[in-house]
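Please read all numbers here as calculations on a predicted model, not as lab measurements. Order of appearance sets the numbers: ligands from 1, and atoms from 1 within every ligand.
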Amino acid sequence: MKKILDLITAEMKSAFTGCGYEESYAKVVLSNRPDLCEYQCNGAMAAAKAYKKKPIDIANEVVAALTERSRSQAAAGQTPVFAEDGVQAVMPGFINLKVNPQYAADYMNGMQAAPKYGVEEAGHGETIIVDYGGANVAKPLHVGHLRSAVIGESIKRMGKFLGYDMIGDVHLGDWGLQMGLIIEELRDRKPELVYFDESYTGEFPKEPPFTISELEDIYPTASGKSKEDPAFKERAQLATYKLQHGYAPFLAIWKHIMSVSLADLKRNYDNLDVHFELWKGESDAEEFIPWLIQDLKDKGLARESQGALVVDIAEPTDSKELPPCIVQKSDGAALYATSDLGTILQRERDYQPVKYIYITDKRQELHFTQVFRVAKKAGYVRPEMPMIHIGFGTMNGKDGKPFKTRDGGVMRLEHLIADINEAVYNRIMENRTVSEEEARDTAKIVGLAALKYGDLTNQAAKDYVFDLDRFISFEGNTGPYILYTIVRIKSILSRYQEAGGAAAQGSILPPAGDGEKALMLELAKYNEVMETAFAETAPHKICQYIFDLANAFNSFYHDNRILSEEDKARQSSWIQLITLVKDVLETCIQVLGFGAPEKM
Ligand code: ARG
């Protein structure tokens with residue numbers, strides 16, 4: 001469906017050109033004075049300079065043309081876009097606009113009938129890779145990984161909704177020093193294991209030599225040791241080197257680490273309602289690296305610098321000096337950038353994506369600038385390939401410092417989720433209208449909404465404060481408030497049905513009051529919001545929209561008695577309108593990555 005703003009702008013353009021002015025002056029925006037009008041055009045002010053006239057004279061001419069247009073539209077049996085008295089020129093030259101109530105109703109009926117309520121698919125099955133999650137194997141998920149998972153999942157769902165083939169890859173950190181650390185710590189704990197017997201030639205056991213809770217203990221111990229004990233660190237480095245060069249016993253341990261850890265990671269991501277199409281990781285890039293290094297050398301892109309191999313990426317237009325990208329350390333080891341480049345080769349070979357989106361902490365910005373530039377310089381992706389890095393800010397505690405547990409440790413994601421669910425549960429139980437079991441289930445759904453909405457409602461790049469009490473509040477700009485609005489509509493609809501309300505008949509009628517009209521115009525923004533939010537990879541725009549829509553619905557609901565309305569055509573129109581609100585809200589939250597309960 002055409003966007004309402006475009007339809008209004010088209011009217012304005014024909015009026016401007018009809019009066020002999022360029023159409024570029026006909027830009028229409030949402031009104032910043034909703035008490036006076038719904039939309040406005042400020043183009044007469046700019047046109048005044050170009051045409052050496054008074055702005056108000058131009059505005060008056062355009063208004064006269066618009067009024068004439070409306071008259072002839074009505075005469076031809078069409079619905080005029082603007083209301084009678086809905087176009088006004090005011091000093092110094094603003095054009096204030098109000099939409100014809102019938103036109104607003106027509107737009108609602110159009111939305112109701114259109115696929116996806118009027119959102120047009122921008123994609124036609126093109127593949128887009130979304131690299132998010134980024135968990136590190138054998139290290140527990142912490143809140144730092146939360147943002148990547150939450151933002152990435154939402155962006156992926158947005159793209160899917162718009163018709164792209166979105167491939168989400170968790171891109172595990174599964175090949176680094178942590179593996180060597182675990183191997184050596186395991187040797188210290190269980191030296192008798194066959195993996196450490198160099199003369200062993202048999203098959204390696206199928207059973208992992210540790211459980212998940214042991215593994216969770218092994219890594220932090222090893223990491224602590226490596227900071228104090230240089231000899232231990234050296235052993236870990238050697239073990240990592242051997243693993244990366246295919247030493248079978250260590251590969252066998254690695255596989256155990258992977259299977260034990262992955263099961264746990266999957267459970268954690270499932271709890272977040274975050275799902276990946278691909279569970280690949282840094283280790284999968286390994287096979288591409290020898291070719292990659294050779295190719296960068298052959299193309300004359302890689303040069304030696306203090307024993308290491310680097311690729312210059314600076315460009316004359318850079319505002320600050322960018323260091324070269326290191327692709328091989330002096331000891332021959334590959335680095336983070338090397339594995340990201342190898343992964344690009346693999347993704348190009350297997351998926352031929354039209355776009356790449358990476359979601360990590362914004363401190364990785366330089367890394368991605370380097371990787372993207374090398375990939376383009378070397379021709380691994382075409383020069384105009386959109387490669388987007390969404391760098392997010394830190395989730396802080398109320399003290400403004402990175403979020404920690406009460407005793408100052410790193411907060412584990414599952415504990416954070418448990419805390420939220422508990423707080424929501426207590427809130428629900430305050431009212432005591434549902435069973436404990438039901439309250440537990442509802443708390444899970446509402447808690448997830450509180451967590452995700454609390455994150456997504458901020459522009460990704462900004463730091464934000466994790467404020468549990470505010471996030472779980474049923475009032476204000478929160479996830480629970482949105483869910484509460486949906487649940488409220490569901491309950492009106494079911495009460496309507498229980499009271500024998502007929503299935504909605506007839507069309508949505510022109511609004512009877514201002515609140516109803518405001519609700520319609522809010523609904524009418526839907527397609528534009530969904531399309532821009534994805535184009536700008538900005539889930540916070542959807543959050544902002546559903547907050548506005550929920551507010552518009554709640555004030556409409558406050559002013560109208562839907563269930564006791566005597567005029568049946570009016571009642572049916574309202575039922576259809578609020579159904580549309582519910583459907584739009586539900587689609588939006590689904591895209592954001594959470595759902596609504598039946599009751600709350
Ligand atoms: N494992 C990394 C980390 O914890 C994030 C990986 C992000 N993705 C990528 N392709 N580099 O920081």
Side-chain angles (χ1 to χ4, degrees), residues 128-153 155-156 166-182 219-220 223 240 244 254 257-258 261-262 264-266 268-269 272 274 276-286 288-289 292 325-327 334-348 350-351 353 355-376 380-381 385-395 402-403 410-413 460 537:
I128 296 180
I129 299 277
V130 193
D131 180 313
Y132 69 110
N136 298 317
V137 170
K139 303 186 193 176
L141 276 180
H142 58 77
V143 295
H145 291 111
L146 173 72
R147 296 210 69 190
S148 178
V150 169
I151 299 169
E153 179 73 15
I155 288 174
K156 189 179 81 184
M166 303 296 282
I167 299 186
D169 183 359
V170 63
H171 199 77
L172 298 167
D174 61 357
W175 205 229
L177 182 63
Q178 85 259 36
M179 296 299 171
L181 288 166
I182 293 169
Y219 174 73
S223 154
T240 310
Q244 294 181 345
W254 178 81
I257 301 175
M258 289 297 282
S261 187
L262 241 69
D264 185 54
L265 280 173
K266 283 193 176 150
N268 271 286
Y269 281 124
L272 277 176
V274 165
F276 299 95
E277 283 65 29
L278 295 178
W279 284 83
K280 293 204 170 284
E282 292 172 7
S283 63
D284 293 290
E286 188 63 15
F288 295 88
I289 290 178
L292 173 82
C325 178
I326 310 177
V327 291
L335 301 93
Y336 189 39
T338 330
S339 89
D340 265 325
L341 286 163
T343 304
I344 289 174
L345 291 173
Q346 173 254 319
R347 289 174 178 167
E348 285 293 310
D350 296 345
Y351 304 106
K355 198 193 260 191
Y356 288 84
I357 305 175
Y358 294 78
I359 296 125
T360 76
D361 189 303
K362 67 181 170 203
R363 284 172 290 191
Q364 297 194 22
E365 190 182 300
L366 173 63
H367 163 78
F368 283 104
T369 306
Q370 291 175 321
V371 168
F372 297 166
R373 287 196 185 177
V374 175
K376 289 192 177 177
Y380 301 150
V381 298
M385 173 69 80
M387 302 188 92
I388 299 166
H389 172 234
I390 299 177
F392 52 79
T394 312
M395 176 171 134
F403 194 83
V410 177
M411 177 63 119
R412 286 178 50 172
L413 190 56
T537 46

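The distance from ligand 1 to the heavy atoms of Thr360 drops below 4.0 Å at these ligand atoms: 7 (C). Remark: ligand 1 atoms within the under-4.0 Å shell around heavy atoms of Tyr358 are 10 (N). Every atom of ligand 1 is numbered from 1 in the order shown, and the set under 4.0 Å from a heavy atom of His145 is 4 (O).
Residue Asp340 places at least one N or O, backbone or side chain, under 3.5 Å from an N or O of ligand 1.
The protein heavy-atom contact nearest to atom 3 (C) of ligand 1 is Gly134 O, 3.8 Å. The nearest protein atom to atom 12 (O) of ligand 1, hydrogens excluded, is given as Gln364 NE2, 2.9 Å; this is a heavy-atom distance. When hydrogens are left out, the protein atom nearest atom 8 (N) of ligand 1 is Asp131 OD1, 2.9 Å; that is the closest non-hydrogen contact. In terms of protein heavy atoms, atom 7 (C) of ligand 1 is closest to Tyr336 OH, 3.4 Å.
Put simply, part of Phe368 is less than 4.0 Å from ligand 1, judged by heavy atoms.
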Please evaluate residues Tyr336 and Gln364 with respect to the criterion side chain to side chain donor-acceptor pair (under 3.5 Å), reporting the C-alpha separation (whole Å), side-chain torsions for both, the decisive distance (0.1 Å), and the verdict. CA-CA 11 Å; Tyr336 189 39; Gln364 297 194 22; 2.7 Å; yes

With ring-ring contact (aromatic ring centres under 6.0 Å, His included) as the criterion, how do Tyr356 and Phe372 come out once you've worked through the C-alpha distance, each side chain's angles and the decisive distance to 0.1 Å? CA-CA 10 Å; Tyr356 288 84; Phe372 297 166; 7.8 Å; no

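Asp340 contributes no side-chain N or O that, together with a main-chain N or O of Val371, makes up a donor-acceptor pair within less than 3.5 Å. Judged purely by atom type and a 3.5 angstrom limit, Asp174 uses its side chain to pair as donor or acceptor with the backbone of Glu282.
Between Ile390 and Ile155 there is a side-chain heavy-atom pair separated by less than 4.5 Å. Residues Leu141 and Arg412 are not in side-chain contact: their nearest non-hydrogen atoms beyond the backbone lie 4.5 Å or more apart.
Residue Asn136 touches ligand 1 through its side chain alone, judged by heavy-atom distances below 4.0 Å. At a heavy-atom distance under 4.0 Å, no atom of Tyr356 approaches ligand 1.
Salt bridge present: Lys156 and Glu153 bring a charged side-chain N and a carboxylate O closer than 4.0 Å. Remark: Arg347 engages Asp131 in a salt bridge, criterion side-chain N to carboxylate O under 4.0 Å.
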